[in-house]
Amino acid sequence: MRDLTGGAPNAIAAERSRVATEGWGARLLALQSPAGNWGGPKEDRGLLITLYTLVVLKDLGVDPASKEARKMIDRVDKRLVFKPLNDRPFLHGETEPCINGRILGIGSYFKEPNDALANQLLGEQLEDGGWNCEAPKSRRSSFHTTICVLEGLLEYERAGRKPAAVTKARKRAENYLLERRMFRSLRTGEVINTRWPLNLLHPEHIPSKMETAVGRASRWNTLRALRVLRWYSN
C-alpha cells in the first residue's frame, strides 16, 4: 500500500495495526517459544530461524509499539544469547556481518540502536566498500552480506543515530553496488544470479509458508523489484 499503490497514510496505519493480530504477523508472533526463540532443538539452527523470523516481522511492518511486539522483543532481549560467545545477548550480535547487519536492523526497529554493534560493522568494511562474511580470508565483498549490512545501517539511522561515520560507510557500500550496476560482476559485466524468481529456500526457514517453490516467482523479490522500479520512474 505504501510503496506500490499510493495508499493514504491513515489507511496504511489502519492496516499496519492489524499485522500483530491477524495473518502472517499474528501467526509468527504466536509461534515464539517462552524462551524467546523460534525453531528446533539445535541451537545454531534455532537462532537462524529466529533471526529470519524477526526480519520477516520487521519487513511485514508490525508496529514495534504494539503490546504483542513489545512482549516478543522483550523475550528476545532478556532470554536469547549466543552461548559459544560467552552468552553474548542476541541483540548484541555475533561475528558474521551478514547476521549482525540484520540484528542491528532488528534491534533498531524493535528495541534500541546498538552503537557497539554499529561500530563493529564499520570496522569490518572492506576496501572495495562492502562486507563479506568470509573476510579476512576473502577481501572481495559479497552482494548478500553488503545488502544485509546496508539495511541494518539504514534502520540504525532511521532510529535517530546519524553519525557522519555511519553515513559515510553506507554511501561507500551503496557505491560498491552501483559500480556493479546492482547485480553484475565488476570484471565481466555478467549477471551474478537471475533476480526475480526464488533461487533458494534455506533449511532454517521460518515456520510459516510465505513463498513459492524454488525457480518460481517470489513475492518478496517481486515487491523489492517493483519498489525499485517505482522509485526509478519517479
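Computed from a predicted model, the values in this text were never measured in an experiment. Side-chain atoms are counted along with the backbone in the values below, which use heavy atoms only and exclude waters and symmetry mates.
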- What's the spacing between L229 CG and T222 OG1 if we round to 0.5 Å? 10.5 Å
- Note on the structure: The reported gap from CG in N199 to OG in S218 (rounded to nearest 0.5 angstrom) is 8.5 Å
- Message: Going by ring-ring contact (aromatic ring centres under 6.0 Å, His included), name the residues that satisfy it together with F110, two or more places apart in sequence or in a different chain.
- Response: none
- Message: Within the 4.5 Å heavy-atom criterion, are T167 and L153 side-chain neighbours or not?
- Response: no
- Of all pairs that satisfy side-chain hydrogen bond (donor to acceptor under 3.5 Å, both in side chains), the ones with a partner from residues 84-108, not counting sequence neighbours: R88-Q120
- Task: Over all heavy atoms of both residues, which pair between L54 and M72 is shortest? Give the atoms and the distance, please.
- Result: CD2-SD, 3.4 Å
- Task: Examine distances only and state if a side-chain atom of T53 and a backbone atom of I206 form a donor-acceptor pair shorter than 3.5 Å.
- Result: no
- According to a 4.5 Å side-chain heavy-atom criterion applied to Ile, Leu, Val, Met, Phe, Trp and Tyr, with indirect links allowed, do W196 and L177 form part of one hydrophobic cluster? no
- Task: To the nearest 0.5 Å, tell me how far F82 CZ sits from L91 CG.
- Result: 9.0 Å
- H202 ring center near Y52 ring center (under 6.0 Å): yes
- Joint hydrophobic cluster, L226 plus W220, side-chain heavy atoms closer than 4.5 Å: yes
Below 3.5 Å, can you tabulate the donor-acceptor pairs from side chains in residues 5-12 to any protein atom, sequence neighbours excluded?
residue: T5; atom: OG1; partner: M1; partner atom: O; Å: 3.3

- Message: Is there a path of hydrophobic side-chain contacts, each under 4.5 Å between heavy atoms of I/L/V/M/F/W/Y residues, joining V55 to L80?
- Response: yes
- Task: Any pair with a residue in residues 211-220 that passes salt bridge (charged side-chain N to carboxylate O under 4.0 Å, His left out), sequence neighbours left out, goes on the list, sorted by first then second residue, please.
- Result: none
- Minimum side-chain heavy-atom gap V166-E157 below 4.5 Å: yes
- Group every Ile, Leu, Val, Met, Phe, Trp and Tyr by side-chain heavy-atom contacts under 4.5 Å, then state whether F183 and W231 land in the same group. no
- Step by step, would you call M182 with F143 a side chain to side chain contact (heavy atoms under 4.5 Å, CB included)? CA-CA 8 Å; M182 301 299 291; F143 286 173; over 6 Å; no
- Task: Quick one: pull up CG in D59 and CG in L223 and give me the separation to the nearest 0.5 Å.
- Result: 9.0 Å
- Query: Less than 4.5 Å apart, any side-chain heavy atom of F90 and any of I103?
  - Reply: yes
- Message: Within the 4.5 Å heavy-atom criterion, are C133 and P97 side-chain neighbours or not?
- Response: yes
- Message: Please list all pairs meeting side-chain hydrogen bond (donor to acceptor under 3.5 Å, both in side chains) that have one or both residues in residues 172-189, counting only residues at least two apart or in different chains.
- Response: Q125-R172, R170-E174, S185-T188
- Task: Determine which pairs satisfy salt bridge (charged side-chain N to carboxylate O under 4.0 Å, His left out) with at least one residue from residues 14-35, sequence neighbours left out, and list them in order.
- Result: E15-R18, R18-E22
- Can you name the nearest heavy-atom pair linking Q32 to W38, along with the distance? N-NE1, 3.2 Å
- Message: Less than 4.5 Å apart, side chain to side chain, heavy atoms only: is that true for E151 and I147?
- Response: yes
- Item | Within one Ile-Leu-Val-Met-Phe-Trp-Tyr cluster: I99 and L85, side-chain cutoff 4.5 Å | yes
- Return the set of residues passing side-chain contact (heavy atoms from CB on, under 4.5 Å) with R158 (not counting sequence neighbours), or none when no residue passes. L154, E155
- Item | Contact list for residues 115-143, test salt bridge (charged side-chain N to carboxylate O under 4.0 Å, His left out), sequence neighbours left out | D115-R161
- Task: Output all residues satisfying salt bridge (Lys or Arg N to Asp or Glu O under 4.0 Å) with D63, sequence neighbours left out; order by chain, then residue number.
- Result: none
- Query: Taking only residues two or more places apart in sequence or in another chain, which ones pass side-chain hydrogen bond (donor to acceptor under 3.5 Å, both in side chains) with S17?
  - Reply: none
- Taking every heavy atom of A69 against every heavy atom of P64, the minimum-distance pair comes out as CB-O, 3.8 Å
- Looking at A169 and W131, what are the two nearest heavy atoms and their distance? O-CH2, 4.2 Å
- Query: Cluster partners of L198, using ILVMFWY side-chain heavy atoms under 4.5 angstrom, listed by chain and number?
  - Reply: L201, V214
- Distance from R195 atom CZ to R224 atom CZ, nearest 0.5 Å? 9.5 Å
- Note on the structure: One should read off an interatomic distance between L51 CG and C98 SG, to the nearest 0.5 angstrom, of 8.5 Å
- Contacts satisfying salt bridge (charged side-chain N to carboxylate O under 4.0 Å, His left out) that involve residues 67-77 (not counting sequence neighbours) are D74-K111, D77-K111
- Message: Any heavy-atom pair between the side chains of N132 and T146 that's under 4.5 Å?
- Response: no
- Shortest non-hydrogen contact between G61 and Y109, atoms and distance: C-OH, 3.5 Å
- Message: Give me the atom names and distance for the closest heavy-atom approach of A20 to V62.
- Response: CB-CG2, 3.8 Å
- Query: Hey, are the side chains of I73 and V76 touching, using non-hydrogen atoms and a 4.5 Å cut-off?
  - Reply: yes
- With the side chain counted from C-beta on, respond yes when L47 and E204 share a heavy-atom pair under 4.5 Å apart, and no when they do not. no
